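Please read the structure below before turning to the comments.
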2 protein chains.
Amino acid sequence: MRLSLTRHLPILDWGRRYSKSDLSSDLTAAVIVTIMLVPQSLAYAMLAGLPPEAGIYASVLPIMLYAIFGTSRALAVGPVAVVSLMTASAVGQVAESGTAGYAVAALTLALLSGLMLIVLGLLRFGFLANFLSHPVIAGFIIASGLLIAAGQARHIFGIAGGGDALPEILHRLWQHLAEANWQTLVIGLASTVFLVWVRKGMKPALKRLGAGDGLATLLTRAGPVFAIVVTTVTVWAFGLHEQGVAIVGTIPQGLPPLTLPDLSPGLIGTLALPAALISIIGFVESVSVAQTLAAKKRQRIGPDQELIGLGAANIGAAFSGGFPVTGGFARSVVNYDAGAATPAAGAFTAIGLALAALTLTPLLYFLPQATLAATIIVAVLSLVDPAILRRTWAYSRRDFASVVVTVLSTLLFGVEAGISTGVALSLLLHVLNTARPHVAEVGLVPGSQHFRNVLRHKVETLPGVLMLRVDESLYFANARAIETLVLDRLAADPAIREVVLMCSAVNVIDFSALESLEALATELAAQKVRLHLSEVKGPVMDRLKTTHFLRDLNGEVFLSQYDAWKSLAATGPTAKAG
Amino acid sequence: MRLSLTRHLPILDWGRRYSKSDLSSDLTAAVIVTIMLVPQSLAYAMLAGLPPEAGIYASVLPIMLYAIFGTSRALAVGPVAVVSLMTASAVGQVAESGTAGYAVAALTLALLSGLMLIVLGLLRFGFLANFLSHPVIAGFIIASGLLIAAGQARHIFGIAGGGDALPEILHRLWQHLAEANWQTLVIGLASTVFLVWVRKGMKPALKRLGAGDGLATLLTRAGPVFAIVVTTVTVWAFGLHEQGVAIVGTIPQGLPPLTLPDLSPGLIGTLALPAALISIIGFVESVSVAQTLAAKKRQRIGPDQELIGLGAANIGAAFSGGFPVTGGFARSVVNYDAGAATPAAGAFTAIGLALAALTLTPLLYFLPQATLAATIIVAVLSLVDPAILRRTWAYSRRDFASVVVTVLSTLLFGVEAGISTGVALSLLLHVLNTARPHVAEVGLVPGSQHFRNVLRHKVETLPGVLMLRVDESLYFANARAIETLVLDRLAADPAIREVVLMCSAVNVIDFSALESLEALATELAAQKVRLHLSEVKGPVMDRLKTTHFLRDLNGEVFLSQYDAWKSLAATGPTAKAG
């Protein structure tokens, strides 16, 4: 019982061994992450189509709950770019951004997502996330980054717009371009250029000016805060909000409120599929970040417990005015670099953000939306990594096709269609690949007991003996292909009297394949050809033993291919070099 | 050019070598099959919801075209039970049975199905049929048989009814049961009992009476014709059609008419998916019959050319007043048993049926529908073979689940939903199975160079060396599972300094798995553990050579697992017996 409690409440494990040095590390990390998270939270709330305070609310209770239930020491949970985009796309189907219904639907989405994550965790179904292949994830993140950047461009121009897919977004931008507000454009472009410089050029420049590495890193991290302060002061000083520059405006001062999601069946029906996709995408993003950071310290995370941690965080978001959250890459890396030792760092960050919500929000009244848009654009464009295209192209056309199709379908049809198409395509390509299996004719590598492909290696064969290595599990999609292949070989070479199927790569023989093998055995027996098997694996053999097949077989089952060779060489003519 | 023409027009091959003895065999077979096909064609037209003559029309031109383009010597093409049921289900969505629109939609369905089959054949996509596993096909045929029998029961009672799924069919039967016509019921039940006896008891009884085997077989085949003659005469003699016994009525006398399918986009849109399912089911049924019969004479059929043959037959049906057709089991077996030597037997059967359409149809005016229903019920119930449930249960729960789910979803939701669910489930189960791969720790079988599972065989291992045989291709769905498994083993046993992944069963390493292997290699290098590979297959090695992985690997790639053993045994402590 104790063990199980510790498994589901990791806090009982690390909390018991919490030390003073852990406390000081965690506090330092929390201060740094809090400073970074204030503007980021506002920006991602805007991306999700919600009022800015929702971004802060989504970072308080969720972080606390993750600290209790999650297993990663460094993961920082909150709104992230891709999930915020998916939220906007899902909630946009049921309500208009800016209405009360929209905010309530976002709560419902977070609740559904949280419940799904917890159920998957309790069922230990974390492995399902593996069905998102790396090419599909990479393609999805590239396309999401481009969609987000294109979607935020209207805030840089200060015009109306919107849309879920790239053609729509670009069309609306074009329609409204004439209405662009030049003051907004100046602030937006200047912020973008400055933030790009912060990412690429600021640290080397500071070092050239003589700053130490630690100071340079700290100042670089504070770059976005600097942009926010300067543009906010500029708007206030010149009264630019009266000249059409859109500002954040009044943010309610206070702790996250208690909120109740709308549980009407119609809404749940519409949001169920988006919630499932958000859960899986959020989980995959979060787990890959957590695993990367854990591996650096030789720690292990528990994927099934991670599902529960993220689920608790999302349920927290649903009841405290937030929206769907997950573990974010940028904030987690900052948390890790700043020396976070335990999940308590997250809890301290949450407290920091709660204090910010209580005290700082009036200062953000004049913050221009264009600055937040610039923050988002620069952040997401750093996710767009076209190298994956080159790397998959070099390795395998199949993986390349997965990337390209995921990118294009996401850009053209939106996030939900894009990710679904990517997953379906990668599964289909895998199955099609196994449906036409590789079968090699093998011979003995001279001087060894090892058998390899006659076309690739200099090997010996036995006359009248066909030795085939089947390079795939035998199941319904390829069972008949093997049968056809053997019969075609026999028809082409009437001298063959013995056929050995080397099953070292056969991991499963399903019922359809068994029937196909039985048909093959009957056919070979009629042609007075013996059929042998070799190197049949334990689990496969266990299953074959329950059938008539082995009893009816006119040949033998050899433990190793070399045993088959010895036996058949003893009864037939001698070997010939190949 | 000649070669390709012969491939796509098999008639050029067998036609050139046609002999007098072939002619006499084919003519004999044609007479027997024609007698059998007249009542069967009427019955399946009724099952498809079409007027009886459509069944005969669907057997004339399609048979001719299959004789030109098909590769099987014995396959008899025409309306079959399952495809007729699927036709009724599909066309019933767009028109009311008995209307002109219904008959025209059936033509459209045949045309779409024919075009799809030809396109699949030209693309050489015949292997797609393998995605219907044996358990799914068996389950689908069981459920279709039950659905058809339940659907025909109303004709035995002489009442109204209908429906696509079992609950609906049974509910309507129940609603109308009070309206049953007792004269119809007597004819229907008597026919059913008689036909069951024809199948089970007639041949032994005739033999007991002293009839030779040939005569007994011939009389048994004529059983349905006898039932039709007796019940038709009974209706005529007693004027039962005036007492509510439904009869076939006027069948237009004449050759199949030229008909044009309706090509409106709306209709094509609705019928496209049913047409695809009918094509695949029809193809699978036809090919398995053709393969079974061809194997008996050591002949081979060409699955891709079969698609073209069946496609041509369906296009023929579309333009000559028919409906979707395929190769039928019962009629093909009769054709084969009667000694058909070439596809010309089919052409002669077509001529026989055309003559029947010209001359015999007035004689069928008083044929009761209940007799035709009895013919159908007895035929389809012989397809219901519950042994598949026991056999799959004994062999594998996964295959058993495929049968049961296909049966239930077909019965409850109809043929299209049933077959789609079956295919999706069997693919899903296969993929889930590969997502949690079997990994065996292996050791050397003493006195050999062969390696087997340490848990199943008495083998030798090397201290500090972990040798794992991965029993699955490495791809996105399981890549992370292998990484986790190796790291967990290392965490549990800090003495391990060398890890060998034996890749004899790894047929593919996709991009996701490559990234996972790279992460594992990096992690092992950090822990000062060497990672080796052995028995990597040619195609997998070709692909790995295009990457950094092999260059960065801190261990070696051994040709055989025994080479790995020799190398590691030479550098480390000596082997210990396991």
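Computed from a predicted model, the values in this text were never measured in an experiment.
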Segment of B:Asp563 engaging chain A (4.5 angstrom heavy-atom cut-off): neither
Segment of A:Thr546 engaging chain B (4.5 angstrom heavy-atom cut-off): side chain
Top of A:Ala481, A:Pro437, A:Ser560, A:Ser516 for chain B proximity - count of heavy-atom pairs under 4.5 angstrom: A:Ser560
Most contacts with chain A, counted as non-hydrogen pairs under 4.5 angstrom, among B:Leu514, B:Val508, B:Val445: B:Leu514
Side chain / backbone / both / neither for B:Thr392 at chain A, heavy atoms under 4.5 Å: both
Atom of B:Tyr395, atom of A:Ile509 and distance for their closest heavy-atom approach: OH-O, 2.6 Å
Contact class of B:Val136 relative to chain A, heavy atoms under 4.5 angstrom: neither
Contacting region of B:Asn453 [heavy-atom separation from chain A under 4.5 Å]: neither
Residue, of B:His430, B:Arg452, B:Glu472, that accumulates the most heavy atom pairs under 4.5 Å with chain A: B:His430
Which atoms of B:Leu427 approach chain A - backbone, side chain, both or neither, heavy atom under 4.5 Å: both
pair A:Arg456-B:Met541: side-chain heavy atoms closer than 4.5 Å: no
Parallel, tilted or perpendicular: ring planes of A:Phe476 versus B:Phe131, cut at 30 and 60 degrees: perpendicular
Interchain contact, B:Arg398 with chain A, by part (heavy-atom threshold 4.5 Å): side chain
Side chain / backbone / both / neither for B:Thr547 at chain A, heavy atoms under 4.5 Å: side chain
Closest contact, heavy atoms only, A:Asn507 versus B:Ala505: OD1-CB, 3.4 Å
Test item: A:His450 side-chain N/O and B:Leu559 main-chain N/O as donor-acceptor pair under 3.5 Å: yes
Per-residue contact mode, B:Ser448 against chain A (heavy atom under 4.5 angstrom): both
Region of B:Gln561 that comes under 4.5 Å of a non-hydrogen atom in chain A: neither
Minimum heavy-atom distance between B:Arg436 and A:Arg124, given as atom pair plus value: NH2-O, 3.5 Å
Heavy-atom pairs under 4.5 Å with chain A, option from B:Ser426, B:Ser473, B:Ala394 with the top count: B:Ser426
Close side-chain approach of B:Lys537 and A:Arg469, heavy atoms under 4.5 Å: yes
